[in-house]
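Each remark here refers to the structure printed beneath this line.
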Amino acid sequence: MVNPGSSSQPPPVTASTLSWKRCAGCGGKIADRFLLYAMDSYWHSRCLKCSCCQAQLGEIGTSCYTKSGMILCRNDYIRLFGNSGACSACGQSIPASELVMRAQGNVYHLKCFTCSTCRNRLVPGDRFHYINGSLFCEHDRPTALINGHLNSLQSNPLLPDQKVNALSVKVSQ
């Protein structure tokens, strides 16, 4: 098990290196039949766990992710950081401990989750509209939505594969 993007591979096993390995998680000797190698260390399979959901990473896949001192399974990494680990508005990295806002699979810093028109911050419970990658508060939604048609959105036309959605804002934890 190797952290994606890392070039670290376990050192080759030779007769001189066949001594007991110490687990990076519990510090104990690894006498198990199988051991894991991740983040330049050896682990008991029971000790290499996701910091969020506590899943044993050796049982759920062949990769793990690290960020901000946490070891994460793929699902929790994407939940916390999105696919890129960056805010969809500002492009800056999102720390693992920071709460985020989500819309249509994009992840935002709380301070960046704002209406594209008035720049007011959208907070949990607010209704907003996500149109062509832009967020609009209920007050500033394009007038075409109020009238029930999209023809007046000439400056930002919808493409056939895009959707107009009114969603409730939720904080991911």
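Scope of the values below: all heavy atoms of this structure, side chains included, with no hydrogens, waters or symmetry mates. These figures come from a predicted structure and were not determined experimentally.
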Discussion item. Is it true that Asn106 and Tyr130 share a donor-acceptor pair across their side chains at a distance under 3.5 Å?
Written reply: yes
Side-chain donor or acceptor of [X] paired with backbone N/O of [Y] under 3.5 Å:
| X | Y | result |
| --- | --- | --- |
| Trp43 | Leu35 | no |
| Arg121 | Thr114 | no |
| Asp126 | Val123 | yes |
| Ser88 | Val107 | yes |

Side chain to side chain contact (heavy atoms under 4.5 Å, CB included) partners for [X], two or more places apart:
| X | result |
| --- | --- |
| Ser93 | Lys67 |
| Cys90 | Cys87, Gln92, His109, Cys112 |
| Ser45 | Leu36 |

Considering all heavy atoms of both residues, which atom of [X] and which atom of [Y] are nearest to each other, and what is their separation?
| X | Y | result |
| --- | --- | --- |
| Asp76 | Cys50 | OD2-SG, 3.1 Å |
| Cys47 | Gly25 | CB-CA, 4.3 Å |
| Cys64 | Leu57 | CB-CD1, 3.6 Å |

With rounding to the nearest 0.5 angstrom, report the [atom1] to [atom2] distance, [X] to [Y].
| X | Y | atom1 | atom2 | value |
| --- | --- | --- | --- | --- |
| Leu48 | Tyr42 | CG | OH | 14.0 Å |
| Lys111 | Glu98 | NZ | CD | 7.0 Å |
| Cys53 | Asn75 | SG | CG | 7.5 Å |
| Ile60 | Arg74 | CD1 | CZ | 11.0 Å |
| Leu135 | Asn120 | CG | CG | 12.5 Å |
| Ile30 | Arg22 | CD1 | CZ | 9.5 Å |

Worksheet item: Would Cys137 and Asp140 satisfy side-chain contact (heavy atoms from CB on, under 4.5 Å), going step by step from the backbone distance to the final call?
Response: CA-CA 5 Å; Cys137 66; Asp140 289 326; 3.4 Å; yes
Item to complete: Just say parallel, tilted or perpendicular for the rings of Phe113 and Tyr108, cut-offs at 30° and 60°.
Response: perpendicular
Do [X] and [Y] have side-chain heavy atoms sitting under 4.5 Å apart?
| X | Y | value |
| --- | --- | --- |
| Pro142 | Phe136 | yes |
| Val100 | Leu110 | no |
| His139 | Cys115 | no |

Practice prompt. Please list all pairs passing the salt bridge (charged side-chain N to carboxylate O under 4.0 Å, His left out) test where one or both residues lie in residues 26-38, with sequence neighbours left out.
Written response: Asp32-Arg46
Practice prompt. Start with the C-alpha gap between Met39 and Thr66, add the side-chain angles, then the distance that decides, and say whether side-chain contact (heavy atoms from CB on, under 4.5 Å) holds.
Written response: CA-CA 8 Å; Met39 298 161 298; Thr66 61; 2.7 Å; yes
